[in-house]
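Below: one structure, written as structure tokens.
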Amino acid sequence: MTAEAPIAPAVSHGRLIPVTVHFDDLDALGLLHNARYPLMVERAWTELWNEHGVRFDGDWEAAGDACNAVRELRISYEAPVTRPGTYAVHLWLERLGTTGLTYGFRFCSADGTETYAQGTRVLVRLDATTMRPAPWSETFRAAGRALLRPAD
């Protein structure tokens, strides 16, 4: 008898990245602290972009597309997370511009069926020397296009 690999949850667009909520992520009321949601979303994005070779290793000049800054973050909390365990972050791109992008996210159950929080974040790619907007690389743009949410 062989064990079958678990079936990965399906999403219609973007990617579902597993995340773990630990006991110390909960606040005094036993709820996932509101500041932990964006942190876990950031960790999920970091994991996803690392798969595409986009990473920061301490040198901003060499960072390329990882040299970016947050322009805006919006988040709404839909339902409380009340226990540690495995959850997921559903990630996708809403818009991919020349120097900026808007990504959407949902902090959700591991299978993607229940949403606890959702939002968007706007990033701007920066030139490491001038700290002014700079274009995303074509490699980054190709990976990003695969994450774009289809038009409704």
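Note that the numbering runs from 1 along the sequence shown for the chain.
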Assess the residue pair Arg121 and Glu72 against the criterion (side-chain contact (heavy atoms from CB on, under 4.5 Å)); give the C-alpha distance rounded to whole Å, side-chain angles, the decisive distance to 0.1 Å, and a yes or no. CA-CA 6 Å; Arg121 185 166 150 180; Glu72 177 180 288; over 6 Å; no
Would the distance check show the side chain of Trp136 and the main-chain N or O of Arg125 forming a donor-acceptor pair, the cut-off being under 3.5 Å? no
Closest non-hydrogen atom pair, Leu93 against Gly144: CD1-O, 3.3 Å
Crowding at CZ, Arg83 (>12 non-hydrogen neighbours, <6.0 Å): no
Work out which heavy atom in Val19 is nearest to a heavy atom in Met40; give both atom names and the distance. CG1-O, 4.1 Å
Exercise: do Glu94 and Thr120 side chains pair donor with acceptor under 3.5 Å: no
Taking the side chain as everything from C-beta on, heavy atoms only, tell me whether Leu96 gets closer than 4.5 Å to Arg145. yes
Apply the test salt bridge (charged side-chain N to carboxylate O under 4.0 Å, His left out) to residues Arg36 and Asp25: give CA-CA distance (whole Å), side-chain angles for both, the deciding distance (0.1 Å), then the verdict. CA-CA 7 Å; Arg36 296 293 193 182; Asp25 291 320; 3.3 Å; yes
Flag this pair as yes if the NZ/CZ of Arg149 is under 6.0 angstrom from the six-membered ring centre of Trp92 and inside a 45 degree cone about the axis; otherwise no. yes
Between Tyr77 and Tyr37, does the ring centroid distance fall short of 6.0 Å? yes
Step by step, work out the side-chain contact (heavy atoms from CB on, under 4.5 Å) result for Leu126 and Asn68. CA-CA 5 Å; Leu126 298 174; Asn68 58 67; 5.6 Å; no
Side-chain heavy atoms nearer than 4.5 Å, only ILVMFWY residues, links allowed to pass through others: does that put Leu73 and Ile17 together? yes
How close do Gly112 and Cys108 get, heavy atom to heavy atom, and via which atoms? CA-SG, 3.8 Å
When hydrophobic residues are tied together by side-chain contacts of less than 4.5 Å, even through go-betweens, does Tyr87 share a cluster with Leu31? no
Are the side chains of Leu48 and Val54 in contact, using a 4.5 Å heavy-atom criterion? no
Between Phe140 and Trp49, does the ring centroid distance fall short of 6.0 Å? yes
Are Glu114 and Tyr116 side-chain neighbours, meaning at least one heavy-atom pair lies under 4.5 Å? yes
Contact check, side chains of Leu91 and Leu16, non-hydrogen atoms, under 4.5 Å: no
Is there side-chain contact between Val70 and Leu123, with heavy atoms separated by less than 4.5 Å? yes
For Arg74, does the CZ atom have more than 12 heavy-atom neighbours from other residues, nucleotides or ligands under 6.0 Å away? no
Answer with yes or no whether the hydrophobic clustering places Ile75 together with Val122; edges join I, L, V, M, F, W, Y residues whose side-chain heavy atoms lie under 4.5 Å apart. no
Mind checking whether Val41 and Val124 sit in one hydrophobic cluster, side chains of I, L, V, M, F, W, Y counted as touching below 4.5 Å? no
Which atom pair, heavy atoms only, marks the closest approach of Pro135 to Thr99? N-CG2, 3.7 Å
Indicate if Phe56 and Trp45 have the same hydrophobic cluster label, given that clusters are the connected sets of ILVMFWY residues with side-chain heavy-atom separations under 4.5 angstrom. no
Are the side chains of His90 and Phe105 in touch, meaning some heavy atoms are under 4.5 Å apart? no
Indicate yes or no: at least one non-hydrogen side-chain atom of Thr139 is less than 4.5 angstrom from one of Arg141. no
Sidechain-backbone polar pair: Asp65 side chain, Ser137 backbone, donor-acceptor under 3.5 Å: yes
Between atom OG1 of Thr102 and atom CZ of Arg71, what is the distance when rounded to the nearest 0.5 Å? 9.0 Å
Tell me, do Leu147 and Tyr103 make a side-chain contact under 4.5 Å, heavy atoms counted? no
Please find the pair of heavy atoms, one from Ser109 and one from Ala88, that lie closest to each other, and give the distance. O-CB, 3.6 Å
Looking only at side-chain N and O atoms, does Arg106 offer a donor or acceptor that is under 3.5 Å from a partner on Thr115? yes
Arg15 bridged to Glu51 by N-O distance under 4.0 Å: yes
